[in-house]
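In what follows, a single structure is set out as structure tokens and then discussed.
The model shown is predicted, which means the values in this text are computed figures rather than measured ones.
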Amino acid sequence: FRLSRTQIIRFTEELSDLLDAGLQIDPALQVMEKRKELSALKNVAGALRSHVREGSSLSSAMRAVCPSFGDLYCNLVSAGELSGSLPQLLRRQAQFLVTMNDLQAKVFAALTYPAMIFVVGIGLIFIFMTYLVPQITVLFEKTGKEIPLLTRLLIQTSGFMANYWWAILATVVLLVVGFWQLVHTPGGR
């Protein structure tokens with residue numbers, strides 16, 4: 001099973017509340033399993049409950065059932081089980097996950113504007129190089145004077161971009177898709 005960060009937060013808060021209310025792990029998971037809605041949380045709770053009923057600890061059941069919990073989370077649950085402070089530890093873990101989720105949302109929001117500016121800037125450069133520079137080139141050629149080296153390089157780059165824009169676009173798309181796939185592999189992360 002795969003859980004999103006929001007689902008892990010919700011699972012942690014609910015389990016913590018149920019354990020704080022005095023329920024043991026098995027009945028708490030049973031309450032979570034008997035949800036009305038169909039969700040991954042219901043399925044995870046059911047799978048965890050079956051592992052716990054077979055004699056596994058909650059932390060080892062979490063490792064076996066759902067890799068979304070992660071090693072740190074499972075190690076903290078294991079420490080909470082051993083120390084007898086699982087509800088308090090889950091409550092702190094939920095607070096930590098909420099804080100991390102909020103921080104990630106703020107960073108994403110802070111980076112959205114610069115990313116949009118970057119994309120618009122690249123688009124403007126592309127339009128300048130494929131539309132405006134060829135028009136200015138006609139003016140330079142009408143003067144009959146020798147064009148400086150940097151201006152010739154700019155004109156040649158513009159000509160390349162105007163003629164091979166499709167190859168440039170395909171290369172960028174391939175690079176983005178390749179990077180996206182690399183990031184979603186364990187080694188790429």
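Hydrophobic clustering places Val133 together with Phe160 (ILVMFWY residues linked when any side-chain heavy atoms are closer than 4.5 Å, directly or through intermediates). Val177 and Trp180 are members of different hydrophobic clusters when ILVMFWY side chains are connected at heavy-atom separations under 4.5 Å. Following chains of ILVMFWY side-chain contacts shorter than 4.5 Å, one cannot reach Ile122 starting from Tyr131, and the two form parts of different hydrophobic clusters. Cluster membership check: Leu76 does not share its hydrophobic cluster with Ile9, using side-chain heavy-atom separations under 4.5 Å among Ile, Leu, Val, Met, Phe, Trp and Tyr. At a threshold of 4.5 Å between side-chain heavy atoms, the hydrophobic network of Ile, Leu, Val, Met, Phe, Trp and Tyr places Ile147 and Leu153 in two separate groups.
The structure places CD1 of Ile8 at 6.0 Å from SG of Cys66, a figure rounded to the nearest 0.5 Å. Atom CG of Leu89 is separated from atom OG of Ser83 by 7.0 Å, given to the nearest 0.5 angstrom. Once rounded to the nearest 0.5 Å, the distance linking CD1 of Ile168 with CE of Met161 reads 5.0 Å. Taking CD1 of Ile136 as the reference point, atom CD1 of Ile155 lies at 9.0 Å (rounded to 0.5 Å). To the nearest 0.5 angstrom, Asp71 atom CG is 11.5 Å from Ser78 atom OG. Here the CZ atom belonging to Arg91 is positioned 13.5 Å from the OG atom belonging to Ser85, to the nearest 0.5 angstrom.
The shortest side-chain heavy-atom distance between Glu81 and Ile25 falls under the 4.5 Å cut-off. The closest side-chain heavy-atom distance from Phe69 to Val44 is below 4.5 Å. Side chains of Thr151 and Pro148 form a contact here, defined as non-hydrogen atoms less than 4.5 Å apart.
Ion pair Glu33/Arg49 flagged as a salt bridge, since at least one NZ, NE, NH1 or NH2 atom sits closer than 4.0 Å to an Asp/Glu carboxylate oxygen. Between Glu146 and Arg152, at least one side-chain N (NZ, or NE/NH1/NH2) sits under 4.0 Å from a carboxylate O, which counts as a salt bridge.
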request  = List the steps and the verdict of side chain to side chain contact (heavy atoms under 4.5 Å, CB included) for Leu15 and Leu58.
outcome  = CA-CA 11 Å; Leu15 185 59; Leu58 180 61; 4.0 Å; yes
key: Phe11/Met32 under side chain to side chain contact (heavy atoms under 4.5 Å, CB included): CA gap, chis, key distance, verdict   = CA-CA 9 Å; Phe11 178 87; Met32 294 175 75; 3.2 Å; yes
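Nearest heavy atom pair, residue Pro134 against residue Ser158, reads CD-OG, 3.4 Å. The heavy-atom pair separating Leu29 from Ala45 by the smallest distance is O-CB, 3.8 Å. In plain terms, the two heavy atoms of Pro87 and Leu19 that are nearest each other are CG-CB, 3.6 Å. Summarising the geometry of Ala40 relative to Arg2, their closest heavy-atom pair is CB-O, 4.2 Å, with the distance given to 0.1 Å.
Enclosure of atom CD in Gln88 by more than 12 non-hydrogen atoms of other residues, nucleotides or ligands within 6.0 angstrom is indicated.
Side-chain N or O atoms of Gln181 include none that pairs as donor or acceptor with a backbone N or O of Gly178 at under 3.5 Å. Here the side chain of Thr171 pairs a donor or acceptor atom with the backbone of Ala167 at under 3.5 angstrom.
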With a 3.5 Å cut-off and sequence neighbours excluded, list the donor-acceptor pairs that the side chains of residues 93-104 form with protein atoms.
unit_1 : atom_1 : unit_2 : atom_2 : d
Thr99  : OG1    : Gln95  : O      : 2.9
Gln104 : OE1    : Arg5   : NH1    : 2.3

Please tabulate, for side-chain N and O atoms in residues 123-130, each donor-acceptor pair with protein atoms closer than 3.5 Å (sequence neighbours left out).
unit_1 : atom_1 : unit_2 : atom_2 : d
Thr130 : OG1    : Phe126 : O      : 2.8

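Side-chain contact annotation: Ser68 with Tyr73, donor-acceptor N/O pair under 3.5 Å absent.
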